[in-house]
Protein chains: 2
Amino acid sequence: MLPQSESMRGRILAAAVKLFAEYGYHAAPMRDIAMLAGIQAASIYHHYPNKQALLVEIMETSMRRLNEGLERILREFDDPMQRLQEAVAYHIDLHTRNKQEFFIIDTEMRALEGENRAYILSLRDRCESLFQEILSDGMERKIFRHTDVKVASYAIISMCTALATWFRPGGRLTVQQVTAIYLQTITHGLLLAEERPQTQVE
Amino acid sequence: MLPQSESMRGRILAAAVKLFAEYGYHAAPMRDIAMLAGIQAASIYHHYPNKQALLVEIMETSMRRLNEGLERILREFDDPMQRLQEAVAYHIDLHTRNKQEFFIIDTEMRALEGENRAYILSLRDRCESLFQEILSDGMERKIFRHTDVKVASYAIISMCTALATWFRPGGRLTVQQVTAIYLQTITHGLLLAEERPQTQVE
DNA sequence: GTCTATATCGGGATAGAC
DNA sequence: GTCTATCCCGATATAGAC
């Protein structure tokens with residue numbers, strides 16, 4: 001059974017997060033979620049209408065929080081480089097502190113039924129367009145190299161999102177170290193070169 | 001029903017690839033796979049012992065092909081920069097031409113039972129260590145900036161793997177264009193900077 | 001090698017008592 | 001708000017005919 005939580009709703013959701021992440025949405029039975037929360041399966045339906053609602057709430061909560069943080073960063077900072085650093089650091093921070101939730105977002109999109117998929121996708125689109133705003137603004141102001149904004153944003157978001165898969169808290173590296181390495185890679189690349197081509201690819 | 005294929009085994013596997021990618025392993029019924037292959041569900045069991053065997057064969061085939069290609073590149077090329085370019089280009093090429101297979105590898109690891117998971121994970125580990133060999137060799141030879149090899153390899157593999165999710169053949173950009181943008185980003189980063197810090201982060 | 005028919009099981013969800 | 005009991009369906013897999 002999971003450690004205590006104020007509300008039963010919270011306990012159920014926490015159990016669902018753990019089991020959806022571990023076994024996948026379809027492979028995680030309501031009975032097991034209930035047991036982990038310390039109740040019977042039927043009791044879940046007093047708090048949530050069905051299994052799908054658990055998935056939607058998990059995804060919605062984390063995605064909204066991510067977007068709100070990114071929006072705050074865009075409001076508070078103006079310098080493109082600082083914006084990028086803050087955004088990447090925040091993205092990584094949230095993805096490592098809520099590993100399981102973002103892993104579910106990343107792997108269980110297909111399990112969303114009907115309108116739910118479009119809704120969660122719209123939240124993910126919002127996240128992408130926030131990163132794209134940082135990049136295109138930085139390119140216009142000649143801080144960033146001119147390149148395809150969408151592709152660059154996908155590249156950044158992909159590598160930061162995948163952190164939720166492989167990062168182990170308490171492992172060899174701290175979140176701060178990984179963030180520093182990622183930022184260095186994103187901004188300067190891997191190549192250790194004196195001569196730098198200033199020509200830009202169209 | 002799927003277009004023809006030489007063998008029924010091939011037809012079944014192609015149907016499984018399509019449905020596992022679209023609905024997920026657990027949400028794709030054997031009945032639907034069979035129907036797509038043009039037979040009855042029971043007939044699948046003449047060709048494969050069970051559903052799990054379909055998943056394993058899909059993952060194994062693509063991962064082995066990826067690793068064999070990367071091993072060939074490491075044999076054929078010596079220059080670190082060229083190795084990296086070839087490896088990334090090959091990785092992207094395979095991931096875009098076999099979108100669904102690699103999407104399944106990326107999202108259905110949890111569905112692997114017993115020994116199967118360790119086996120497929122070992123193939124993925126092999127892929128990672130091949131990229132890591134390129135990077136650490138390039139760092140020793142002062143071609144690449146000194147940084148954490150594992151983190152850098154995860155970053156590269158993550159962004160290239162995620163292509164299988166968002167890339168649409170026939171869309172705005174060709175594979176060649178995306179590959180060029182990715183390679184530019186990986187090697188030179190986003191920052192358009194004259195002054196380049198030569199100090200290296202430990 | 002494919003079929004029809006079916007065994008067997010586990011899943012989500014509901015009914016109604018307490 | 002949680003329980004026990006149960007409905008009902010769809011899933012994998014098997015048996016055995018053709």
Side-chain angles (χ1 to χ4, degrees), chain A residues 1-59 104 107-108 110-117, chain B residues 1-59 104 107-108 110-117:
Chain A
M1 205 192 298
L2 236 43
Q4 81 300 338
S5 157
E6 4 37 271
S7 67
M8 182 51 76
R9 256 185 87 92
R11 293 179 61 87
I12 293 167
L13 208 68
V17 165
K18 183 168 158 53
L19 295 184
F20 288 173
E22 193 166 346
Y23 303 116
Y25 176 75
H26 290 292
M30 290 294 265
R31 288 170 167 85
D32 292 9
I33 294 170
M35 187 163 58
L36 206 59
I39 53 174
Q40 291 298 314
S43 306
I44 292 182
Y45 294 88
H46 178 76
H47 302 275
Y48 288 93
N50 50 43
K51 191 181 184 181
Q52 178 81 186
L54 292 170
L55 182 63
V56 172
E57 184 160 323
I58 291 166
M59 290 183 164
I104 292 166
T107 53
E108 294 294 354
R110 289 172 299 190
L112 289 168
E113 301 159 11
E115 306 294 307
N116 297 334
R117 191 175 311 196
Chain B
M1 205 191 297
L2 237 43
Q4 82 300 336
S5 157
E6 10 27 278
S7 67
M8 182 50 75
R9 256 186 85 93
R11 292 179 61 86
I12 293 167
L13 208 67
V17 165
K18 181 167 160 52
L19 295 184
F20 289 173
E22 194 165 347
Y23 304 116
Y25 176 75
H26 291 293
M30 291 293 266
R31 287 186 232 280
D32 292 9
I33 295 169
M35 186 164 58
L36 206 60
I39 52 175
Q40 291 298 313
S43 306
I44 292 181
Y45 293 87
H46 178 77
H47 303 274
Y48 289 93
N50 49 43
K51 191 180 183 182
Q52 178 80 189
L54 292 170
L55 182 63
V56 172
E57 183 159 323
I58 290 166
M59 290 182 164
I104 292 166
T107 53
E108 295 293 354
R110 290 172 298 189
L112 289 167
E113 301 158 12
E115 307 294 306
N116 297 334
R117 188 174 315 193

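Below, chains carry the letters A, B, ... as their sequence lines are ordered, and counting in each starts from 1.
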(message) Can you list, in residue-number order, the parts of residues 12-19 of chain B that come under 4.0 Å of DNA chain C, counting heavy atoms only?
(response) none

(message) Which residues in residues 35-45 of chain A have a heavy atom closer than 4.0 Å to any atom of DNA chain D?
(response) A:Ile39, A:Gln40, A:Ala42, A:Ser43

(request) Rounded to the nearest angstrom, tell me the gap between atom CZ in B:Arg9 and atom P in C:dT2. (result) 13 Å

(message) Return the NZ to CD1 distance between A:Lys51 and A:Ile33, rounded to the nearest 0.5 Å.
(response) 6.0 Å

(message) For a 4.5 angstrom cut-off between non-hydrogen side-chain atoms, does A:Leu112 reach A:Met59?
(response) yes

(message) What is the distance, to the nearest angstrom, from the NE2 atom on A:His47 to the C1' atom on C:dG12?
(response) 17 Å

(request) Would you list the pairs meeting salt bridge (Lys or Arg N to Asp or Glu O under 4.0 Å) in which at least one residue belongs to residues 30-49 of chain B, sequence neighbours left out? (result) none

(message) Without decimals, in angstroms, what is the distance between B:Leu54 CG and D:dA13 P?
(response) 9 Å

(message) If I take atom OG1 from residue B:Thr107 and atom CZ from residue B:Arg110, how far apart are they, to the nearest 0.5 angstrom?
(response) 8.0 Å

Distance-only criterion, 3.5 Å: show the donor-acceptor pairs between side-chain atoms of residues 15-30 of chain A and protein atoms not counting sequence neighbours.
residue, atom, partner, partner atom, Å
A:Tyr25, OH, A:Gln52, N, 3.1
A:Tyr25, OH, A:Gln52, NE2, 3.2

(message) Measure CZ/A:Arg11 against C1'/D:dT2 and give the value in whole Å, please.
(response) 13 Å

(request) Could you tell me which residues satisfy salt bridge (charged side-chain N to carboxylate O under 4.0 Å, His left out) with B:Arg9, sequence neighbours excluded, listed by chain and number? (result) B:Glu57

(message) So, OP1 or OP2 of C:dT2: does either fall under 4.0 Å of a side-chain N or O from B:His46?
(response) no

When the side chains of residues 36-46 of chain B are checked against the rest of the protein, which donor-acceptor pairs come out under 3.5 Å, sequence neighbours left out?
none

(request) For the helix from C:dG1-D:dC18 to C:dC18-D:dG1, measure the angle between the helix axis at one end and the axis at the other, each built from five pairs, rounding to 10°. (result) 0°

(message) Restricting to salt bridge (charged side-chain N to carboxylate O under 4.0 Å, His left out), what partner residues turn up for B:Glu113, sequence neighbours left out?
(response) none

Set out, line by line, the N/O atom pairs under 3.5 Å between protein and nucleotides 7-11 of chain D.
residue, atom, partner, partner atom, Å
D:dA11, N7, B:Arg31, NH2, 3.0

(request) Answer whether the closest heavy-atom distance between the side chains of A:Ile58 and A:Glu108 falls below 4.5 Å. (result) no

